[in-house]
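Report on one structure; see the data block that follows.
Because only heavy atoms are used, hydrogens play no part in the values below, and waters and symmetry mates are left out as well, while side chains stay in. Just so we're on the same page: letters track the sequence lines, and every chain starts at 1. If you're wondering where the values come from, they're calculated on a predicted model, not measured in any experiment.
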Protein chains: 2
Amino acid sequence: MRIARFSVDDEPKYGLVETDDPEGLSGTVALLDSDPLYRPVQLTGETLQLADVRLLAPVIPRSKVVCVGRNYAAHAAELGNEVPKEPLIFLKPNTSVVGPLDGIVYPEQTNDLQFEGELAIVIGRICRDLPKERAEEVIFGYTIANDVTARDLQKSDGQWARAKGYDTFCPLGPWIQTDLDVADLRVTTTLNGETKQDGRTSQFIFDIPTVLAYVTSFTTLLPGDVVLTGTPAGVGPMLPGDSVSITVEGLGTLTNRVIVRD
Amino acid sequence: MRIARFSVDDEPKYGLVETDDPEGLSGTVALLDSDPLYRPVQLTGETLQLADVRLLAPVIPRSKVVCVGRNYAAHAAELGNEVPKEPLIFLKPNTSVVGPLDGIVYPEQTNDLQFEGELAIVIGRICRDLPKERAEEVIFGYTIANDVTARDLQKSDGQWARAKGYDTFCPLGPWIQTDLDVADLRVTTTLNGETKQDGRTSQFIFDIPTVLAYVTSFTTLLPGDVVLTGTPAGVGPMLPGDSVSITVEGLGTLTNRVIVRD
């Protein structure tokens, strides 16, 4: 199932997407009566055209976006870093989350804004000290994330809270896919149509059960929390006006444009 | 006003504290009909003895706990660090928050669990790009925080998300004080009754308006978000069974005990 969060007027709604378009610009969405992340839901019977709705971030984490750094060897190497011995964990605030086609605001404090395309895990059940073999039980589904990074501030600040935490620095979407075998999926990022990143989830240094076991060895994950799995090689700069699209095979495509705030 | 969040049975309640006890173990609490952080409230007319209630963390941030590192020169020096040129910002997840007298769980992954006593700001209004001169407008009040840190993991991990983000690593309390001149307050931490930290907020490298202006230059603060202002010199280790108390002059005392999870 592909579960979208969307608006037709002011109130966010939830629905099941049927589409052949990876961005969900055409096709239909069958309305659900509530948010399936938090309660049992039913179809309302109403169906809308995706062309008539605006897709939103499929989830706003109630607590946190947990990220894994340097989880592809080729990406660690391209920034001159060692492959970590344990997952390298950092946080993005939930206020950094935006949705498909939302603008990524180019901050005036940076001169090197970069994209990082990633597969993202959406947590469905509260969990702490999760054994690897039970990881599947707490995963509600998957979506796509852009771990937008001000690369210069990441280096100068030391701690990454600002460089990765600006408002709009965590686009998520276009939907949550609940049935997906993520063992070996292609993850690509294009900038203005040109392919920049091209990796496969089979290249993870730490696989998803290992990441979730590690994260929950120190913090409780709540339903709606999101875990980003790291980015493949090929990260690079974006400029105002650029269009950045991240595709995860079998899931869809998340597109955003870089804008300058008035 | 001193606004407490507390429980007498299962449901958290809110009320105005009247007490001469800095920890609120005696005195009274006059019940409010809702959480004054989010809506206008009225007294219900009911008053309870503080001895009959359990004080909870006065706020669970909806989004984030933002922290300032090395904001007292003597503390930066004791850990061998330079005084930063800009505020050093990191995040603690809202899942790390616990309340007065709650246990701080000693993780099995650390051998150096440390206390850091701090004045904490509770945000009352959504804000972004806040001018320094308007800082007062967005501050709902102040509380006390222990920025619990696994010092060994802080050094070995590089990013501080784990070392400062474990569940129970952000005790907050005992209440939110809404009327407090924080220009020059004494901040002390005692371990088993022995004074370990003794600083004054007048020693901040970056004052509160500067911190809030900096934080909101990249992220939106929401009502209920909490900003920790940094710790004075004298940080040190805690062991299971230890009792740690942080006192902010004119505000109160936050006490927690270090425990080992079964």
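For a residue to count as touching a neighbouring chain, one of its non-hydrogen atoms must lie under 4.5 Å from one of that chain's; by this rule B/L222 touches chain A with the side chain only. The part of B/Y214 that comes within reach of chain A is its side chain, from C-beta onward, which places non-hydrogen atoms under 4.5 angstrom from that chain. Neither the backbone nor the side chain of B/S96 comes within contact range of chain A; no heavy atom of the residue lies under 4.5 Å from a heavy atom of that chain. For A/R162, the parts lying under 4.5 angstrom from a heavy atom of chain B are both the backbone and the side chain. Of the two parts of A/S217, the backbone and the side chain both hold a non-hydrogen atom closer than 4.5 Å to a non-hydrogen atom of chain B.
Nearest approach of A/I89 to B/A161, heavy atoms of both residues: O-CB, 3.5 Å.
Among the candidates A/W160, A/F169, A/F90, the residue making the largest number of heavy-atom pairs closer than 4.5 Å to chain B is A/W160. With chain B as partner, the option from A/P93, A/P61, A/S63 having the largest number of non-hydrogen pairs under 4.5 angstrom is A/S63.
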Q) What's the verdict on side chain to side chain contact (heavy atoms under 4.5 Å, CB included) for B/L153 and A/E86, showing C-alpha distance, side-chain angles and the deciding distance? A) CA-CA 12 Å; B/L153 303 184; A/E86 287 189 309; over 6 Å; no
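Within the 4.5 Å cutoff, the side chain of B/R128 has no heavy atoms near those of the A/T95 side chain. With contacts defined as side-chain heavy-atom distances shorter than 4.5 Å, the pair B/L88/A/D157 does not qualify.
Annotation: residues 106-121 of chain A contacts chain B through A/Q109 [non-hydrogen atoms, separation under 4.5 Å].
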